[in-house]
Amino acid sequence: MRFITSTSVFLALASAFLLYGLNYDTRQLEARVQQEELAVAQARSDIAVLKAERAHLTRPERIEPLARAQGLAAATDKQFARDIPIVVGAVNN
Amino acid sequence: MRRTATKPRATASVDEVSLRLRAIAVTGAVGLAFLAVGGQLVRLAAVNSGVTLQSNISETVAHSFSRPDLVDRNGRLFATDVENPSLFADPGVIIDRDEVVEKLTQVLPGLNARELRRDLSDRSKRFVWIKRQIAPNLAQKVHDLGLPGVSFRTELKRAYPLSRLAGHVLGAVNVDNKGVSGMERYLDDSGSVEAVHGATLSERAPVRLSIDIGVQHSLTEELQDATKRYKAEAATGVVMDVTTGEVLASASLPEPDPRSGSAADTQQTDRITGGTYELGSIFKMLTVAESLDEGVSTLDTIYDVRQPMVEGRFTIKDLHPMGRPASVRDIFLHSSNVGAAMIALKSGGDKQKAFLTKLGLLDQGRTEAGPIAQPQVPKRWERIEQITIAYGHGVAVAPLQFAAAAAALVNGGELVKPTFLRGRSEAKKTRVISADTSRQINELMRLNVTDPAGTGKRAEVPGYRVGGKTGTAEMAGVGGYEKKSVISSFVAAFPMEKPQYVVMVMLFKPQATDETKNEITAGHNAAPTAGRIIARVAPLLGVMPEPVQAAATGVPGQAN
């Protein structure tokens, strides 16, 4: 009888302790999940900003003067490969 | 005593041992428990460092809208949401109101001190916006002031990285990030915008517009160039796919800034969809198409256009009278008003009205971005209306609607509905004219550019087989039409043997310059502008040029 009592007391204590530990583990996991979520949100926000910045930097209004400064020009009909011999012929005429 | 004491002592020693054992057990258990608790604390302290539990403030006041991105037809970004700090105050917590007002107005010069003081004086309020969506560097400055009761909340703000490009099509959003016009409002209406607390970026797929950023930029630039060249007050242009009705570019200068979020002033209204104009001679395309399709005329039917036409108190004259009877083909090439009027009168008013209705030019149209301006149609449709409508006066329509009608005429005769979204065109097509008529119209339009007598010869682009029709419409002013104020327009299609795209250009109040040989007619300003636009956008659109030699049968050197 006494053995049973002491064992059950021990078990009760042990399970209480276990639960206590689990409870804290769970809370920790929750905190970590929240942290990760925060990091994800931050990364998404950074991506949004970077995307906008990339679009801003590649806007035609900015690229065009840069390209023209490099000696480039808008595409013309002469740049289609099919026409090259004919264009050369036209120049010779 | 001793003897008597012995026995109890013996029993006591047994009790004592068990008591001591018990005490040790309890002490041990308690000790263990303490150790466990201590250990757990140490463990928590060791592991938990750095983890802060975020407290969730209940955000009952602020809610904004998270919007999907808008991208062009090739996936390039037009508009996106970014997080931006907004400044608010809790008047209940503020200690020194005057200090707060003074310091904030120093950092944020745009702030109204009186209003702010009034807002902060109500201590029962727990939330007052001070300034929404401020620049991050200013937010840092405010943060450095360290004012109690003043803090930030991250909100979503719409960013337009391309600034004004395609501003009319995109529209605008208000401070809550809710769409108020253009395709931004379409996003709200189509349910792809979600109300969110704080700053939650949308997870929806981007919405793909039909606009092509490259084409849009080229069109805008060429129009800007044209307004300078011809000293025009405003200019508009639209590039449309003739089979799907997708708008690849639509510009109306001067352009609004979508970031301003305010209603554009009257100069900046979108003339493509928001204004109706009497378009002038480009309407002759419709007059001729109707007559050909009804079998009333053929391209070779002769009309006597030698005399000006007198109708009641009006006299219809030609700008450059031909002085000889002319075929339908000549009437189109010389853009004869008298001829167009005769063609229209021959088929009659009912057919004319039915034809325009069939093309959707007399009813209000709609795009995703909202309704198109209601066409202005005469109340009575009698002889004089038939005559004026034949050459494009009397009916005023929005340019986008006309472009769609022109697309239907050149694409083989099937009606298209203008759209600003990619890949949404309806599969079911309504035929408006026969394929044969469409082919004849294409022939006329091409001839109008290649023929030395054609009004559109300055629109020629080597290799791209441009065809088109000019229109110079006098603007309605006080007490009649103004001779010097015109809208000159050019509606073009290319490549003409099987048109893929329609380009429509309109210049408002162009001036006569040396370059235009002191003319203000469309052949000298709108046509070359359309030519330059096509020369730039055709390679972008992947239209295969024809070998240059074969195309050189036109007028060499006229396209610039």
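Throughout, a chain's letter reflects where its sequence line sits, starting with A, and its residues are numbered from 1.
- Neither the backbone nor the side chain of B:Gln216 comes within less than 4.5 Å of any heavy atom in chain A.
- Under the salt bridge (Lys or Arg N to Asp or Glu O under 4.0 Å) criterion, the residue pairs touching residues 38-60 of chain A are A:Lys51-B:Asp69, with sequence neighbours excluded.
- Considering CG of A:Leu50 and OG1 of B:Thr80, their distance stands at 11.0 Å, rounded to 0.5 Å.
- Here B:Leu201 is the residue among B:Thr220, B:Leu540, B:Leu201, B:Val82 with the most heavy-atom pairs under 4.5 Å with chain A.
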Evaluate side-chain contact (heavy atoms from CB on, under 4.5 Å) for A:Thr58 paired with B:Arg76, printing each intermediate quantity in order. CA-CA 10 Å; A:Thr58 57; B:Arg76 288 178 69 184; 4.2 Å; yes

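- Other residues, nucleotides and ligands contribute only 12 or fewer heavy atoms inside 6.0 Å of the CZ atom of A:Phe10.
- Within the model, atoms CD of A:Glu61 and CG of B:Leu165 stand 7.5 Å from one another, a figure rounded to the nearest 0.5 Å.
- Looking at residues two or more places apart in sequence or on another chain, you find no ring-ring contact (aromatic ring centres under 6.0 Å, His included) involving B:Phe152.
- Options A:Ala41, A:Ala52, A:Pro60, A:Ala48 differ in how many heavy-atom pairs under 4.5 Å they form with chain B, and the most are formed by A:Pro60.
- How far CD1 of A:Ile63 is from CD1 of B:Ile213: 11.5 Å, rounded to the nearest 0.5 Å.
- How far CG of B:Leu32 is from CZ of A:Phe17: 9.0 Å, rounded to the nearest 0.5 Å.
- For A:Ser6, no part lies near chain B; criterion is any non-hydrogen pair under 4.5 Å.
- One side chain, A:Glu64 or B:His217, offers a donor N or O that lies under 3.5 Å from an acceptor on the other.
- When all heavy atoms of A:Ala55 and B:Leu162 are compared, the closest pair comes out as O-CD2, 3.5 Å.
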